[in-house]
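Step one of this worksheet: look at the structure below.
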Amino acid sequence: VENNKALLEAMAATSRAVEKTLDSILRVPNGPEARVFEAMRYSVYAGGKRLRPLLVLASAELFGVEKPQALRVAAALECVHCYSLIHDDLPAMDDDDLRRGKPTLHKAFDEATAILAGDALLTIAFEILVDEKTHPDPYVRTELVAALAKASGGHGMVGGQMIDLSAADHELDAQAIFRLQNMKTGALISFASEAGAIMAHASKQSRAHLQGYARDLGLAFQIADDLLDVEGDENEVGKAVGKDEDAGKATIVGLLGIDRARQQAQILSDQAIDHLAEFDDKAALLRAVAHFAINRRS
Ligand code: IPE
Ligand code: IPE
Ligand code: MG
Ligand code: MG
Ligand code: MG
């Protein structure tokens, strides 16, 4: 319970800080291109749990990284995440009308604007990372850019989305579903969990522990998302529920059923926490995130 209170406070503080960081970055210009910035802001300021930013800040804190620098990495990652959601909701993909409790971007604006706002959010993320304010060492900035690019692209999130969409046509076994979910959801969560280690030149060993944590957390997080699609309440979840089965999505819930999927999520969350032993008390927040990932109601 105490953990939970600290986590809720950290989540609220992270939201405020990331939103403030992005406010100056996403200023709306005067020209007719203003519309795309208004759309970017609509998506970014619709709320969201800011879990990836929290992971960036928590991993950065492990190694004493300067907070303003970590916040810029958190902001960059949240831009990529928002872009992924905007495109995920498009009619050509999941065709959703509700996101974060509000009309999806293509409903509030239009499809072309939603595509462009997604493109601009993806690209601005790298602009944020390469700026000197993000880290004084250009080699670190390059590594951040490379890691985020890899996590976002065809071998990461985009590749996972491709498999997710084509999986509707054929059955996947558990191993194939885990691979899909590692790519579509795990890759960005892994970047979030490792960013602090990159910024601090942390040891290979520390990085390996964080990689192990993130891998299990990402899978647990996506199983929880798939459970919310089956069991969640639209008003609470802030997006349409009951869609994955109709769309023929390959999920662990679809494969194993609700009870075994929930057990699997619990095992993965426990495993994620086991990877944090070397960080002792410093990793309390990361442990709390692993609990939250599977017990959340939105
Ligand atoms: C939703 O992510 C998409 C998935 C990868 C499951 P979140 O559940 O983190 O969405 P927000 O940011 O809180 O809206
Ligand atoms: C989306 O997975 C993961 C992304 C990379 C955006 P889902 O399609 O299950 O996410 P929701 O349920 O729409 O948030
Ligand atoms: Mg999807
Ligand atoms: Mg979706
Ligand atoms: Mg989902």
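The structure displayed is predicted, hence computed values, not measured ones. Atoms within a ligand are numbered from 1 in the order they appear, just like the ligands themselves.
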Query raised in the report: Cation-pi between Arg296 and Phe221: NZ/CZ under 6.0 Å from ring centre and within 45° of the ring axis?
Result: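 Flagged: Arg296 positioned over aromatic ring of Phe221.
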Do [X] and [Y] have side-chain atoms, one donor and one acceptor, less than 3.5 Å apart?
X	Y	value
Asp131	Thr134	no
His209	Glu278	yes
Gln222	Asn182	no

Requested in this report: Any salt bridge (charged side-chain N to carboxylate O under 4.0 Å, His left out) involving residues 134-146? Give me the pairs, sequence neighbours left out, ordered by first then second residue.
Outcome: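 Pairs touching residues 134-146 that pass the test: Glu143-Arg207.
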Query raised in the report: Near the Mg ion (ligand 4), which protein N/O/S atoms are found at less than 2.8 Å?
Result: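 Hits for the Mg ion (ligand 4) below 2.8 Å: Asp88 OD2, Asp94 OD2.
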**Report entry** Amino acids contacting ligand 1, non-hydrogen cut-off under 4.0 Å
**Finding:**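 Lining ligand 1 at under 4.0 Å, by heavy atoms, one finds Gly48, Lys49, Arg52, His81, Leu85, Arg100, Thr185, Phe221, Gln222, Asp225, Lys239, Arg296.
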Query raised in the report: Measuring from Ile252:CD1 to Leu227:CG, what's the distance to the nearest 0.5 Å?
Result: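 Here the interatomic distance stands at 10.5 Å.
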Query raised in the report: What's the atom name of the N, O or S in Asp225 nearest to the Mg ion (ligand 5)?
Result: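 Closest N, O or S atom of Asp225 to the Mg ion (ligand 5): OD2.
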Query raised in the report: ring-ring contact (aromatic ring centres under 6.0 Å, His included): which pairs involve residues 257-298, sequence neighbours left out?
Result: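 Listed once each, the pairs would be none.
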Query raised in the report: Which of these passes side-chain hydrogen bond (donor to acceptor under 3.5 Å, both in side chains) with Gln181: Asp225, Asp164, Asp226?
Result: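 The single option meeting the side-chain hydrogen bond (donor to acceptor under 3.5 Å, both in side chains) with Gln181 is Asp226.
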Report task. Applying side-chain hydrogen bond (donor to acceptor under 3.5 Å, both in side chains), run through Ser193 and Ser190 and close with a yes or a no. Result -> CA-CA 5 Å; Ser193 310; Ser190 290; over 6 Å; no
Report task. Would you mind reporting whether Gln69 and Lys133 have side-chain heavy atoms less than 4.5 Å apart? Result ->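 Of all side-chain heavy-atom pairs linking Gln69 with Lys133, none is under 4.5 Å.
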